[in-house]
Amino acid sequence: MDSPAPKLRNFCIIAHIDHGKSTLADRMLQLTGIVNDRQMRDQYLDRMDLERERGITIKSQAVRMPWKIADEDYVLNMIDTPGHVDFSYEVSRSLAACEGAILLVDAAQGIEAQTLANLYLAMENDLEIIPVLNKIDLPAAQPEKYADEIAGLIGCDPEDILQVSGKTGKGVPELLDRIVELIPPPTGELEAAPRAMIFDSVYDAYRGVITYVRMIDGTLSSREKIKMMSTDAVHELLEIGVSSPEPTPTKALSAGEVGYLITGVKDVRQSKVGDTVTSKENTATDSLKGYVEPRPMVFSGIYPIDGGDYPALREALDKLRLSDAALVYEPETSVALGFGFRCGFLGLLHLEIITERLEREFDISLIATSPSVVYEVTMEDGSEHRVTNPSEYPVGKIKQVLEPVVNATILSPKDYVGTIIELCQTRRGTMIDMQYLSEDRVQLRYQLPLAEIVFDFFDQLKSKTQGYASLDYEESGLQASDLVKVDLLLQGEQVDAFSAIVHKDKAYSHGVSVTGKLKELIPRQQFEVPIQAAVGSRIIARESVRAVRKDVLAKCYGGDITRKRKLLEKQKEGKRRMKMVGRVEVPQEAFIAALGSDPSKVDKKNQ
Amino acid sequence: MPGVLPQGIEWGGSFPVSPDAVSDKTWHAYVHIPFCDVRCGYCDYNTYTSTEVQGVARTEFHQPLISEIEQSRSVLEQAKIDTKPFSTVFFGGGTPSLFSLDQIEALLSSLKNHYGIKPGADMTLELNPDSVDLEYMQGLFELGINRVSIGAQSFDPEVLRVLDRTHDTENVSKAVSQAKQAGLMVSIDLIYGAPGETLQSWQQTVEKTLSLEPDHLSAYALIVERGTKLERQVSKGILEMPDEDLMAAKYELLDAKTKQAGLDWYELSNFSRSEQAISWHNRAYWSSNYWWGFGPGAHSFMGDTRWWNKKHPAAYSKSSEGDLPIHGYEKITERQHLEERLLLEIRMRGGLQKSLLDALDVKPELVQQQLDFGYLEELNGSYSLTLKGRQMADRVVLNLLN
């Protein structure tokens, strides 16, 4: 089949966080001349402050770059993909928009688990893979070693692996040449009814939703009415164009091309990633494969510290929702925390990003309860419950509980294999297989309950392997498990926000650990505070925070007064960040820290 | 005074207090003498152990202090602020007893000439038991000093070692009897809660102290101040700070023993044998009266302004030649002043007047809560700390302002 656009190349970059993808993209922008030195800033394509600070690309974008080989003009569309496991669906859609992928690997670190997962995804989609070792300017780079590893994985010759430095620009022109040579031009029917796949949808405060699409068939032109095939919703097309890298309007987009659409809608839910866009007049009959509704995997209760901030929190969530189709929430009431929202997230990073944005962009002090997964509970009487909040775990005779499991891939130097196996076993993991990628690197695959991963599995894995191991996981259905709810009581009163669902065999150790941690986290109050863990009415662990007996600075003379007043002002502020649970003041961090398992993360109250 | 100066407004030259500040407040003088023979590991006060700090000799240091006294007088006159004679004078440090009698005399004459000192004023000098003798005490008495404050800290040699105190405990007894012989009232300073101090050790210290029959006793729970050697030792784990329950037990023991010996608390760390023996100078701070602190790093308070001098003795002496050696100042708002009054007045036995609580808009249920916790009790129409409450004074303040 002839290509509708023989001079076009659509590609993406598969890389792990920190392996230098954004820096390489920066060099490409400069070399192809679409961003000049004066306009250049680091990580040009990463829009949000949060992304730039964390060095993570959350939102993907497409950039159109010209490149010339032997007097022939080509157009390269680079689709920037997110690099985190939480956003794997977005990754899969960006891959589906390309014909080729650059596999970018840090020459000092080797391939990581997420990269591997995305690489396999790209290979399944028949993408042409161009392997590249980056950061060859680093003294610690070992290009030969990692070239062998990559060659083993994708079955190429180690000699063919390009060596570049995104920092200095070395090897980047050769890479651009190779993209033109190796990646096939797009296929598709130019004359067919238009079909475009949405691979990203971004909310912009001034322009509304900007939808990034890959045209598969036909042509969409400006001023045309478009139709979303999953909902049949029709929108006016206000603007159509390409990014180079700033938005540049065009008359039309045709099969093979990558660009953006603006329709004036204000909510990314009306323009969902994976959906197919067609024309209202010339409607396609079949939508493109692969559309999936985003499904939250992890839930957490988000509460304002100050109850008066509840309306502001609602407004903030409503606003964030416009730019984040995966965020779901509904009002929830907690006996301990008052009014808040049960929020669903794609994963832990997603949760962290949202809470951080709420605090930073909307200036609301929050408590996020410990993350939970979704349990399917069937009672003896046949009734079924979907539990996203441990405190709503049903009471009565339970017949069966299903919990979500994932297939996890862990890559690590071989020295840590024993430690990793031990960690996975304590997390109720079942080994699927283990294989050597090279002489000293091992890939372990495990089936693990998602609930065991959501607290601090990643932190534990990192700390137990000195940061060398990497992790990726994908959903793998549900399994029946023997689970119980462990409640926590402060002064004899159950605190719903501290309830957790754990495996029966771990209930006791969980109770001991949580009561012990709360003992450290809850400052001494003016009365003794008993802390108990219970399964049903049975107390399984207890601790107590003794009453405070001394809280006074003994000395206060003329030179101490200013300092003392300033201290008082600071303490008043600190008190505001405490949540009253009954009569007990509980610090904000206790709500998540108490249920994590890393003792080093518990802030000692006396520090 | 603490070693670290507060963040304030930079001193710009013109005196920031208005003539309206003159009121019925009494007027007090603090003189800071920033020299010690040895620096103690827990101390963050502004003091120096050499006899000469960047060209400023200890034996000449009364000169810059006198300059400040003279400067202050003329600045107040220019600002048309009338002052009264001083009701109290306090020589603190450092170790003021490292000054010769001549130096003390020169300072007192300057204060008298420029401001006047009320007859019967409380006039105190802090001293180190190692650096004095009977002759020195008699000299002080003749100059009008009527009280010495002796830094005993502890009678347990092990505790003194941890605190880096070099004096011989025998010298404390000697200094007390010499002071009494010279006709001076005696106050003894103690510190409790040093790492390693047991309840028994503290009991012996208290009993030994009371057996010397002082007129006044100040006892402070040790504070680990930032930047001190003690802080480094504690943060490195070389020394371990005692449990707060043990601290509380020590305070209760102190309270019982002093009561038996006829000393009553009048501020939560201060005990006195009689009305006369109360430290009227320190009381001035807690009652928000006005004072001028002369000397490096010293704080002063007047009207709505608190200011503090340059900290280093060399910088201080240099600038006191032509102008006031002030480093910075702050303006205290009406609300801040009320909160300061709350945190100061609660410390005294007379407690909190209802009018102050009303001015602060403290909710009656919050006061009731403190009564219920047993922290406060109502006495003669005001609220005073109970024994339990004295240990919790800072918390009570925070609770009331909730």
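Chain A is the first sequence line, chain B the second, and so forth, proteins listed ahead of strands; every chain is numbered from 1. Computed from a predicted model, the values in this text were never measured in an experiment.
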(message) Heavy-atom pairs under 4.5 Å with chain A: which of B:Lys388, B:Glu339, B:Met247, B:Gln336 has the most?
(response) B:Gln336

(request) Measure B:Arg306 against the heavy atoms of chain A and call it side chain, backbone, both or neither at under 4.5 Å. (result) side chain

(request) Name the region of A:Lys575, side chain, backbone, both or neither, that has any atom closer than 4.5 Å to a heavy atom of chain B. (result) side chain

(request) Answer yes when A:Lys564 and B:Asp394 have at least one side-chain N-carboxylate O distance shorter than 4.0 Å, and no when they do not. (result) yes

(request) Name the option with the most non-hydrogen atom pairs under 4.5 Å to chain A; the candidates are B:Val396, B:Ile223, B:Ile332. (result) B:Ile223

(request) Identify which part of B:Asn289 has an atom lying under 4.5 Å from any heavy atom of chain A, answering side chain, backbone, both or neither. (result) neither

(message) Does any backbone or side-chain atom of B:Leu344 lie under 4.5 Å from a heavy atom of chain A? Answer side chain, backbone, both or neither.
(response) side chain

(message) Taking A:Asp306 first and then A:Lys579, would you say they form a salt bridge - that is, a charged N and a carboxylate O separated by under 4.0 Å?
(response) no

(request) Measure B:Glu252 against the heavy atoms of chain A and call it side chain, backbone, both or neither at under 4.5 Å. (result) side chain

(message) Taking the cut-offs as 6.0 angstrom to the six-membered ring centre and 45 degrees off its axis, would you call B:Lys250 and B:Tyr192 a cation-pi pair?
(response) no

(message) Is any side-chain heavy atom of B:Tyr375 closer than 4.5 Å to one of B:Arg390?
(response) no

(request) Answer yes if the ring centres of B:Phe271 and B:Trp265 are under 6.0 angstrom apart, and no otherwise. (result) no

(request) For this output row, return yes or no: ring centroids of B:Phe301 and B:Tyr329 closer than 6.0 angstrom. (result) no

